Amino acid sequence: MQQYRTLPGPDVPVVLSREGAHGPVVHGADAVATGRGIARGKRIVDMQAIHPDLHVEPADLDGDRALLRRLVHWSRRWCPWTAADGADGLVLDATGSTHLWGGEPALLEDIARRFALQGLTARLAMAPMPGAARALARHGPDRAICTSADVDAHLAPLPVGALGIDAETDRLLSRLGLKTLGALADMPRQALMRRFAAAPSDRNPLILLDRAAGRMPDPLNAPPDHREYHARTRLPEPVIDPYPHLPGLAETLCRALVSDGQGARRMRLTIYRIDGECRDVTIGLARASRDPAHLLRLWQGRLDAIDPGFGFDLLTLDAVRVEPVPLRQEDLGGGRDAEEDLAGLVDRLSARLGPERVTWARWTETHRPERMTGEVPALGAEAADAPTLPRERPVRLLDPAEEVGVIYGVPDGPPTRFVWRRVTYRALRHAGPERIAPEWWRDRPGTRLRDYYKVEVEDGRRFWLYREGVLDDGRGDAPRWFLHGFFA
């Protein structure tokens, strides 16, 4: 049955929850909840007691971290150095970039507008040091701008928690009567320095204050840009066939991949026609590779799908997806790598026939033997996905299992003689039973359990039979017998 969720109204406070030390706590709150005094870190049960209409949703912490990582690189449209600030902030070093956007106010306006287009609300501030900008954005007025001359005046009214200190240090400073950064700056430094001498630099409020005010260096540790691997060829005149130019593109691309210890898992060839249009073809690989000869073979037969029009004068070959490929010692005996040969075969077949037509079996975790294998595209499938089989299984299964007539001594005993396809077989020995219960989460109600037996007959053949149900199980009449497979 499909379930529908009712969205909360515009006047209902909405919060996101995460696990805390003593139960769920508020991770984030919307404008309505903030207006009612619901703040981050407060217990959910306490807030629900005060606000019975509170709407609570679980926070997606992994999704938030992934989004923040993407925003770090997306924000480099404004400046080259960006980094994450905690779990919900960004720091941008816009030194030398503000004039490109018309000045500081215009830059902040563009940042707020582009974040709003993505459905994100941003509180912005600009200061000469990262610590000051961080403090103003989180605790000061929105879009505050200060310079080196007035940074102390802007920081003075902010709470000491704006330095990013831990809760214990915040409580200690509050007991000392130091609740604002201005009060902390006016305090004699020798007494406080002795008290926090053993604290690390990221917990020492005096060091953090000096960094925010610009009296100590506070460099920005920005992560490197994502490396893009591509090769490009410009032609003096338009051509129609791209294949003669592929060897040079593949060599250039593979040199860049080798230098960084990477290999291509997906590549895209793009041609730029003289009429302004472009066409591209993408191929995938079963295993990351940086062998130009192998990559070149994959394009054979795939370039016919490209419409060159009246010709093109620019080609690009991009490694759309890359994976690390460590250097390996070649076999001194001249032996070949079976896994690499198999991956190369899968690549060539997928390139010729299409990735959806080249499949292999993959094990699935299930009780039912007929559900244990399934076909998946060979490209992207991992051999490590196969679970360990609990017991020996037949080399061949009948789908569906065929019903047989069985004669046995006791109702719950092993089969002694059975008839399959009008031929009678007598069992010489058997092993079992192996009981397999129904999967209650996917089987229909009333599905009966199975007792499997491995049976060897007079001519040496071994069969896999099962009894469906037991007497008086309340799920049907007398149990039925089925032949499900054959052992080697």
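We number each residue from 1, following the sequence as shown. Note that the structure is predicted; figures quoted are calculated from it, not measured.
Put simply, the side chain of Ile207 does not reach to within 4.5 Å of the side chain of Asp210, judged on heavy atoms. Side-chain contact between His51 and Val15 is absent, with no heavy-atom pair separated by less than 4.5 Å. Put simply, the side chain of Leu249 reaches to within 4.5 Å of the side chain of Leu269, judged on heavy atoms. At least one side-chain heavy atom of Pro24 sits under 4.5 Å from a side-chain heavy atom of Glu19. Between Val32 and Val12 there is no side-chain heavy-atom pair separated by less than 4.5 Å. Looking at heavy atoms from C-beta onward, Leu184 lies in side-chain contact with Pro205 at the 4.5 angstrom threshold. The side-chain heavy atoms of Leu235 and Leu315, taken from C-beta on, include a pair separated by under 4.5 Å. Side-chain contact between Thr252 and Thr233 is absent, with no heavy atoms from C-beta onward closer than 4.5 Å.
Closest approach of Leu136 to Ala125, counting heavy atoms only: CB-CB, 3.6 Å. Between His27 and Ala59, the shortest heavy-atom contact is CD2-CB, 3.7 Å. Summarising the geometry of Leu90 relative to Ala84, their closest heavy-atom pair is CD2-CA, 4.3 Å, with the distance given to 0.1 Å. The two atoms that bring Ala212 and Leu163 nearest to each other are CB-CD2, 4.5 Å, heavy atoms only. The two residues Ala135 and Ala162 make their nearest non-hydrogen contact at CB-O, 3.5 Å. Among all heavy-atom pairs drawn from Pro308 and Ile271, the shortest one is CA-CD1, 4.0 Å.
Every residue two or more places apart in sequence or in another chain was checked for a side chain to side chain donor-acceptor pair (under 3.5 Å) with Tyr272, and none qualifies. Gln48 meets the side-chain contact (heavy atoms from CB on, under 4.5 Å) test with Ile44, Leu54, Val56; sequence neighbours excluded. Listed by chain and residue number, Arg227, Tyr229 satisfy the side chain to side chain donor-acceptor pair (under 3.5 Å) test with Asp260 (two or more places apart in sequence, or in another chain). Take Arg65 and apply the side chain to side chain donor-acceptor pair (under 3.5 Å) test, not counting sequence neighbours, and it matches Asp62. Under the salt bridge (Lys or Arg N to Asp or Glu O under 4.0 Å) criterion, Glu251 pairs with no residue, sequence neighbours left out. With sequence neighbours left out, Thr180 forms a side-chain contact (heavy atoms from CB on, under 4.5 Å) with Ala183. Evaluation of the salt bridge (Lys or Arg N to Asp or Glu O under 4.0 Å) rule for Arg279 yields Glu277 as partners, not counting sequence neighbours. Partners of Asp307 according to the side chain to side chain donor-acceptor pair (under 3.5 Å) rule, which considers only residues two or more places apart in sequence or in another chain, are Arg273. The salt bridge (Lys or Arg N to Asp or Glu O under 4.0 Å) search around Arg195 returns none, not counting sequence neighbours. Evaluation of the side-chain contact (heavy atoms from CB on, under 4.5 Å) rule for Trp78 yields Trp74, Ser75, Leu92, Trp101, Leu107, Asp110, Ile111, Arg114, Phe115 as partners, not counting sequence neighbours.
More than 12 heavy atoms of other residues, nucleotides or ligands sit less than 6.0 Å from atom CD of Gln118. Atom CZ of Arg77 sits in a crowded spot, with more than 12 heavy atoms from other residues, nucleotides or ligands closer than 6.0 Å.
Applying the side chain to side chain donor-acceptor pair (under 3.5 Å) test to pairs two or more places apart or on separate chains, those with a residue in residues 84-94 are Arg40-Asp88, Asp85-Arg134, Asp85-Arg138, Asp88-Arg138, Asp93-Thr95. Applying the salt bridge (charged side-chain N to carboxylate O under 4.0 Å, His left out) definition to pairs two or more places apart or across chains, those involving residues 141-166 are Glu109-Arg143, Asp152-Arg215, Asp166-Arg203.
For the pair Thr82 (side chain) and Val72 (backbone), a donor-acceptor distance under 3.5 Å is present. Distance alone, capped at 3.5 Å, places no donor-acceptor pair between the Arg211 side chain and the Met216 backbone. Here the side chain of Asn204 pairs a donor or acceptor atom with the backbone of Phe196 at under 3.5 angstrom.
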Please step through side chain to side chain contact (heavy atoms under 4.5 Å, CB included) for the pair Met129 and Val151, ending with a clear verdict.
-> CA-CA 9 Å; Met129 299 298 290; Val151 62; over 6 Å; no
For the pair Leu67 and Arg70, evaluate side chain to side chain contact (heavy atoms under 4.5 Å, CB included) and give the outcome as yes or no after the intermediate values.
-> CA-CA 5 Å; Leu67 174 62; Arg70 292 195 298 269; 3.7 Å; yes
Carefully, step by step, assess Arg18 and Asp64 under the rule salt bridge (charged side-chain N to carboxylate O under 4.0 Å, His left out).
-> CA-CA 12 Å; Arg18 61 175 176 84; Asp64 291 344; over 6 Å; no
Step by step, would you call Phe312 with Ile274 a side chain to side chain contact (heavy atoms under 4.5 Å, CB included)?
-> CA-CA 5 Å; Phe312 54 89; Ile274 59 176; 5.7 Å; no
Check the pair Asp280 / Asp318 against side chain to side chain contact (heavy atoms under 4.5 Å, CB included), numbers first and verdict last.
-> CA-CA 10 Å; Asp280 61 74; Asp318 300 276; over 6 Å; no
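Remark: Leu246 CG to Leu296 CG distance equals 6.0 Å, nearest 0.5 Å. Note that the OG1 atom of Thr147 and the CE atom of Met126 stand 12.5 Å from one another [nearest 0.5 Å]. Here the OG1 atom belonging to Thr316 is positioned 10.0 Å from the CZ atom belonging to Arg234, to the nearest 0.5 angstrom. The structure places OG1 of Thr169 at 12.5 Å from CG of Leu178, a figure rounded to the nearest 0.5 Å. In this structure, CG in Leu68 is found 10.0 Å from NE2 in His73, a value given to the nearest 0.5 Å. The CG atom of Leu303 sits 8.0 Å away from atom OH of Tyr243, with the distance rounded to the nearest 0.5 Å.
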